[in-house]
2 protein chains.
Amino acid sequence: MGAEGGTGPVTAPVTIADKPEIVLIELLFYAYRDFVSDPDAVLLRYDFGRAHHRVLHFVDRHPGMRVADLLDILKITKQSLGRVLKELIDTGFIEQVPGPVDRRQRLLYPTEKGRALSARLTEPQARRIGAALAALDPAGRAGAERFLRLMIDADERDKVSRLISR
Amino acid sequence: MGAEGGTGPVTAPVTIADKPEIVLIELLFYAYRDFVSDPDAVLLRYDFGRAHHRVLHFVDRHPGMRVADLLDILKITKQSLGRVLKELIDTGFIEQVPGPVDRRQRLLYPTEKGRALSARLTEPQARRIGAALAALDPAGRAGAERFLRLMIDADERDKVSRLISR
DNA sequence: CGAAATATGTCAATATGGCTGACGTAAATA
DNA sequence: TATTTACGTCAGCCATATTGACATATTTCG
């Protein structure tokens, strides 16, 4: 093979002919990059970051959820969650209520204020999604949803499906 | 209306009937969460993180790209890129070559070693994508791809399309 | 009942990956 | 020649994550 034996620069691009899956790999990157940036402007006004958004979203979506459930969704440690959650509680967006049956639990609820902020953060993302779905036919919409479900770890899919569909 | 005038906990969940777009919003979160974690195990062995992966991927995909192009894809500052890029260069995964026409540029190329690592990092993600696509019919596949393209900022779509399709 | 397990919180140190601002250099361009 | 461009770098800081250790209720189990 050629004279370039060294570990010099490789000039041949990786094409989608070589690896067709690259298209979706990269689309996921670009899509997520832009999609998650939507609420940044609003978050800034509250001195919050994306971590606050994620926490508030899931607490708002599943009022009364346990801390452990939230950790399992976010896949972070309780120490990481701690700070962000504390700030959301201190500023009155989330409230903790002792579990009525198991009093070790501290069930998480949004306040009215929390619900309102969550809705405001969801708004631009929902608009983006809505516009995309409107541009697709039913088969396309179903494909998008199925594809994303299949991106989830196989052993998490049922749990996620249950969370989403309620 | 009721007696609960205070800003007490809100107990009503947000349902997908209220906001159908939430399904896709959450699926994007769960999908990305698991999808990007695939290469972590391999990255660990090289003392690299996800930032290294992203940089190596795009340099490998577009050999000879300019630093400015990379910044525009990643949407980070040159200072952030700096550290990660330096480590990839110091460890021999990426090489810089002065631009032949504009010598201010430092064109980025993967080394053979860099190409190999990039392929290894891509592998598990490509498997995940491949399995998902295999489970969809052509209309579903097209829908997934179109949906993700529509998640990208409108004024970025053409640029991204050009990047991907070469 | 007492021991063990569970749910949660917290303190401390550290890593990663981002940011802003300031400044420097070489090369292209006006 | 003056300005702009492409890139790099130093310094400090912020957000978000980690590991490990330890504390406190409360529930469950033997």
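The shown structure was predicted, so the numbers you read here are calculated from the model rather than taken from an experiment. Just so it is clear: chains get the letters A, B, ... in the order the sequence lines come, proteins before strands, and each one is counted from 1.
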Can you check the [X] [atom1] to [N] [atom2] distance for me, whole Å?
X	N	atom1	atom2	value
A:Leu74	D:dA17	CG	P	8 Å
B:Ile76	D:dG8	CD1	P	13 Å
A:Leu85	D:dA17	CG	P	13 Å
A:Lys75	D:dT18	NZ	P	12 Å
B:Leu70	D:dC7	CG	C1'	13 Å

Hey, does B:Glu87 reach any base, or is it just sugar-phosphate, or nothing, if we go heavy atoms under 4.0 Å? nothing

List in chain and number order the residues that pass side-chain hydrogen bond (donor to acceptor under 3.5 Å, both in side chains) with [X], two or more places apart in sequence or in another chain; answer none if no residue qualifies.
X	value
B:Ser118	B:Asp60
B:Glu145	B:Arg149
A:Asp69	A:Arg66

Can you tell me if the side-chain N/O atoms of A:Thr77 get under 4.0 Å from OP1 or OP2 in D:dT18? yes

Answer with yes or no whether B:Gln79 presents, from its side chain, a donor or acceptor under 3.5 Å of a partner atom in the base of D:dG12. no

Could you list all the salt bridge (charged side-chain N to carboxylate O under 4.0 Å, His left out) pairs where at least one residue sits in residues 48-57 of chain A, not counting sequence neighbours? A:Asp40-A:Arg50

What pairs meet the salt bridge (charged side-chain N to carboxylate O under 4.0 Å, His left out) rule with one or both residues in residues 97-110 of chain A, with sequence neighbours excluded? A:Asp102-A:Arg104

Interface residues of residues 45-67 of chain A with DNA chain D (non-hydrogen, below 4.0 angstrom): A:Gly49, A:Arg50, A:Ala51, A:His52, A:Arg54

Range on DNA chain C touched by chain A, heavy atoms, distance below 4.0 Å: C:dT6 to C:dC11

Hits for side chain to side chain contact (heavy atoms under 4.5 Å, CB included) against A:Tyr32, two or more places apart or cross-chain, chain-then-number order -> A:Val36, B:Phe29, B:Tyr32

Could you check B:Leu43, B:Thr122, B:Leu108, B:Leu117 and say which one makes a side chain to side chain contact (heavy atoms under 4.5 Å, CB included) with B:Leu56? B:Leu117

How is the hydrophobic cluster of B:Val97 composed, in terms of its other members, when Ile, Leu, Val, Met, Phe, Trp and Tyr link through side-chain heavy atoms under 4.5 Å apart, directly or indirectly? B:Leu107, B:Tyr109

List, by chain and number, the other hydrophobic cluster members for A:Val14, where Ile, Leu, Val, Met, Phe, Trp and Tyr join if side-chain heavy atoms come within less than 4.5 Å, directly or indirectly. A:Ile22

Could you write nucleotides 22-28 of chain D as a row of B, S and -, 5' to 3', where a protein heavy atom under 4.0 Å of any base atom gives B, of only sugar-phosphate atoms gives S, and otherwise -? ---BBS-

Pick the nucleotide of DNA chain C nearest each of A:Gln105 and A:Lys86; which residue has the one closer to the 5' end? A:Gln105

No-hydrogen, no-angle side-chain donor-acceptor test under 3.5 Å, A:Asp18 and A:Thr15: yes

With a cut-off of 3.5 Å and sequence neighbours excluded, list every side-chain donor-acceptor pair involving residues 80-87 of chain B.
| from | atom 1 | to | atom 2 | distance (Å) |
| --- | --- | --- | --- | --- |
| B:Ser80 | OG | B:Thr77 | OG1 | 3.1 |
| B:Lys86 | NZ | B:Asp90 | OD2 | 2.8 |
| B:Glu87 | OE1 | B:His52 | NE2 | 2.5 |

